[in-house]
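So that the names make sense, note that chain A is the first sequence line, chain B the second, and so on, each numbered from 1. For clarity, every value in this text was computed on a predicted model and none was experimentally measured.
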Amino acid sequence: MLDIKRLRNEPEEVKQALGRRGIEAPLDEFAELDTRRRELIVAVEEKKALRNQVSDEIAVAKKSGEDAAEKIAAMKSLGEKIKALDLALKDIEIKLDEIILELPNTPLPEVPDGVDESANIMVRTWGEPREFGFEPKAHWDLGADLGIIDQDRGAKVAESRFTLLRGMGARLERALINYFLNLHTGEHGYTELFPPILVNSESMRGTGQLSKFAQAEMYKLRDDDLYLNPTAEVPVTNIYRDEILSENELPIHLTAYLPSFRREAGAAGRDTRGLIRQHQFNKVELVKFITPETSADELEALTANAEEILKRLELPYRTVVLCSGDMGFASAKTYDIEVWLPSYNDYKEISSCSNYLDFQARRLNIRYRPAAGGKPRFVHTNNGSGLAVGRTFAAIIENYQNEDGSITVPEVLRHYMGVDIITAD
RNA sequence: GGAGAGGUGGCCGAGUCGGCUGAAGGCGAUCGCCUGCUAAGCGAUUAAGGGGGUUUUAAGCCUCCUUCGAGGGUUCGAAUCCCUCCCUCUCCGCCA
C-alpha cells in the first residue's frame, strides 16, 4: 500500500506514476474522502475530549457527594452523537481503504514504460542454447518415456495439473530442493526457514493475495480460515507482521522451500502440457527485510543469487526487467529470469525477483527502529524465487537429454542423485 | 476434543465492589554527572498510531483522540463488568 501522505501531498506525481502501469487512479475521490475523514475526526475528537473532561468532573462530584445527574444526562446524549459520528467515520475509512488497497505500487524511474511483456527489456543473457544433433523431445515426453513423470496417475489421484514423480524423477525433485537450499544457506548467507503450508486470511491479505483479482487463484479450506500456501513469500514475509525490528537485526535474508498451490483459474489452455504450470509445485523462495537505503542493491544481489543456480547447472538463461505494465501489483521493480526451454523454443520464466520498497511493509506494518534513534520506519522488502523447482526440472531434462532419451545429470547434482545419467529402467 | 489457568509497555511484573493508571515497581536501553579506564553509584529520558496548531518542508514543540490478545456490548466513564472469537500454559483424551 502506498503512503497516504504521498497520496495527499503529491497526487499528480502518483497519478502520473500509476498511469505508467495503465491505471487511472481515483485520487480525486481519495482526496475528497480524505478531507471529509479529517473533518469528521476533528468533530468527533472534540466531543470525545469534552466527554473525557466531564466524566472526570462527574467522578469528582460523586466523590464529594454532589449531584451529577444533569451532567450525566448531558453526556448520555453526547455519547449518542459520538456514536453516530464514529459510524460515519468508519464508513468513510472503509471507502478509503477500498481505494488505497487496490492501488498498486508505483514503478521506479528506471523501469521501462509499456503495457505488456513485449516492452520488457533484456538486461543480460548467459549461455548459448544447445545445438542438438537430433530432434529434441519435450520434457513431458522424455519424462513419460523414462517413467519419471506420470501425469495420468497424478490426475487420477488429484486432478489435471497434478503430477506424480517416480524413481529418479522424485529424486531429482528432491535433489534440486536440497541443492538450492544448500547454495543459498551455505554460500549466499541466507537463513533457512520451514514455515506453515497453511496460512490464515490475515497473512494472505497482508501480502496482497486476497485482492479482488488474486482471490480466485487461492485454494481455501472449507472449515477453517486457512488457505493453501500460494508462494512461500506469504508465510515468510508475514513472520514479522506488526513488529518493530531493531536496525542491527537488518538485513534479514531468508530462504524457504515450500510446496505452493494455485488454482490457475485464468490459465485454461496455457502451458497445459508438462510441469510448467501445475496446481501444486515446489519452490525455493528468497525473502529480504532491509533498510530503504539498501533495497536497490539488495535486489541486484538477490537476482544474482538466483541466477547463480542456473550458471552452476549450466542452463542458458536471460534476465529481463519488466516494464511498468507487466509488473506485479506490489512491485516497484521486477527482474524475471528466464531459462531456455527447447520444447518452447524460447526462454521461459523461472524466477521473478522484485523490490517492493515499503509497499508490503506498510501493509504488513513491519518497521524497524533506526540505530541513530527516532521514529520507527518501514522496512523495505525484496523477494524472488530461487528457483521454481518444477520448471528447473523441465529445463534440466530437456537441455541435458541425449539422443537415446536418457538424461545426463548436471555435474553439481551428481552427488545428490547418486548417478551420472538417468535412463529408463 | 474435555477440564482448569492466563493473555498488560522492549522485557519482567502490579493493577477487580468500574473514575487523575497509558498504566506502580523492577530490568534493559539512551543521555548527563561522577570515575585515571571499567564496574558501581546518582540524575533525567524511554510505547505506537492518528488528528489539530506552530514551522517554508521536515524535525522539533504544544494539544487532543485511540490503543492493556481481537471484535462486540453495558455505562456519563472499562485494563477492570458481560458476550463471542483467537492464542499460550497445565492436566486428561487422541495421534505421527
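- Looking at A:Y317 and A:E307, their side chains do bring a donor and an acceptor atom within 3.5 Å of each other.
- The distance from atom CD of A:Q280 to atom CZ of A:F261, rounded to the nearest 0.5 Å, is 4.0 Å.
- The nucleotide B:A96 finds no pairing partner, because no Watson-Crick or G-U wobble arrangement with both distances shorter than 3.5 Å includes it.
- Side-chain atoms of A:Q278 and A:T163 include a donor-acceptor pair closer than 3.5 Å.
- For A:R377 and A:Y368, the side-chain atoms include at least one donor-acceptor pair closer than 3.5 Å.
- Of all nucleotides listed (B:U74, B:G19, B:C64), B:C64 comes nearest to the side chain of A:A49.
- Between A:E300 and A:T303, the side chains place no donor N or O within less than 3.5 Å of an acceptor N or O (distance only, hydrogens not considered).
- Here the separation of B:C82 from B:U16, taken at their P atoms, is 14 Å to the nearest Å.
- When the nucleotides B:G19, B:A48, B:C76 are ranked by their closest atom to the side chain of A:K76, B:C76 comes out on top.
- Counting any heavy atom pair closer than 4.0 Å across all strands shown, A:K90 reaches sugar-phosphate atoms only and no base atom.
- Using modelled atom types and a 3.5 Å distance limit, the side chains of A:Y356 and A:N105 yield no donor-acceptor pair.
- When the nucleotides B:C64, B:G51, B:C76 are ranked by their closest atom to the side chain of A:R8, B:G51 comes out on top.
- Nucleotide B:U57: unpaired (no Watson-Crick or G-U wobble partner with both distances less than 3.5 Å).
- Taking atom P on both nucleotides, B:U80 is separated from B:G22 by 13 Å, rounded to a whole Å.
- The nucleotide B:U35 finds no pairing partner, because no Watson-Crick or G-U wobble arrangement with both distances shorter than 3.5 Å includes it.
- Pairing for B:U75 is absent, with no Watson-Crick or G-U wobble pair whose two atom distances lie under 3.5 Å.
- Defined by atom type and a distance below 3.5 Å, a donor-acceptor pair is present between the side-chain atoms of A:Q360 and A:T381.
- The pair A:K48-A:D86 counts as a salt bridge, with a side-chain nitrogen and a carboxylate oxygen less than 4.0 angstrom apart.
- Across all strands, A:K47 comes closer than 4.0 Å to no nucleic acid atom at all (heavy-atom distances).
- B:A3: Watson-Crick or G-U partner is B:U90, with both key distances under 3.5 Å.
- The nearest heavy atom of RNA chain B to A:P376 and to A:A73 marks one nucleotide each, and the one closer to the 5' end goes with A:P376.
- One interatomic measurement links the two molecules: CD of A:E243 to P of B:G49, which rounds to 15 Å at whole-angstrom precision.
- Among the heavy atoms of the strands, none lies under 4.0 Å from A:N9.
- Across all strands shown, B:U84 pairs with B:A70; the Watson-Crick or G-U wobble distances both stay below 3.5 Å.
- Side-chain nitrogen and oxygen atoms of A:R51 include at least one within less than 4.0 Å of the OP1 or OP2 phosphate oxygen of B:G77.
- Taken residue by residue, residues 31-45 of chain A places heavy atoms nearer than 4.0 Å to RNA chain B at A:R37, A:R38, A:I41, A:V42, A:E45.
- On the C1' atoms, B:G4 is 30 Å away from B:U67, given to the nearest whole Å.
- Of all nucleotides present, none satisfies the Watson-Crick or G-U wobble test against B:C17 with each distance under 3.5 Å.
- Of all nucleotides present, only B:A29 satisfies the Watson-Crick or G-U wobble test against B:U45, with each distance under 3.5 Å.
- One C1' atom belongs to B:G72, the other to B:A78, and the distance between them is 14 Å to the nearest Å.
- Atom CG in A:D225 sits roughly 14 Å away from atom C1' in B:C87 (whole-Å rounding).
- A:Q16 and A:E12 share no donor-acceptor pair across their side chains, judged by distance under 3.5 Å alone.
- Put simply, A:R367 has a side-chain N or O that comes within less than 4.0 Å of OP1 or OP2 on B:G49.
- Across B:C76, B:A48, B:C64, the shortest atom-to-atom separation from the side chain of A:I244 is found for B:A48.
- Note on A:N52: a side-chain N or O is less than 4.0 Å away from OP1 or OP2 of B:U66.
- For B:G13 and B:G6, the C1' atoms lie 14 Å apart once the distance is rounded to whole Å.
- Of the P atoms belonging to B:C89 and B:C12, the separation is 15 Å, rounded to the nearest Å.
- Across all strands shown, A:K48 has heavy atoms under 4.0 Å from sugar-phosphate atoms exclusively, and none from any base.
- Take the nearest nucleotide of RNA chain B for A:I72 and for A:A59: the residue whose nucleotide is more 5' is A:A59.
- The line from OG of A:S351 to CG of A:L302 is 7.5 Å long, rounded to the nearest 0.5 Å.
- Distance check on atom C1': B:G19 versus B:U38 gives 50 Å, rounded to whole Å.
- For the C1' atoms, the distance from B:A70 to B:C87 is 10 Å, rounded to whole Å.
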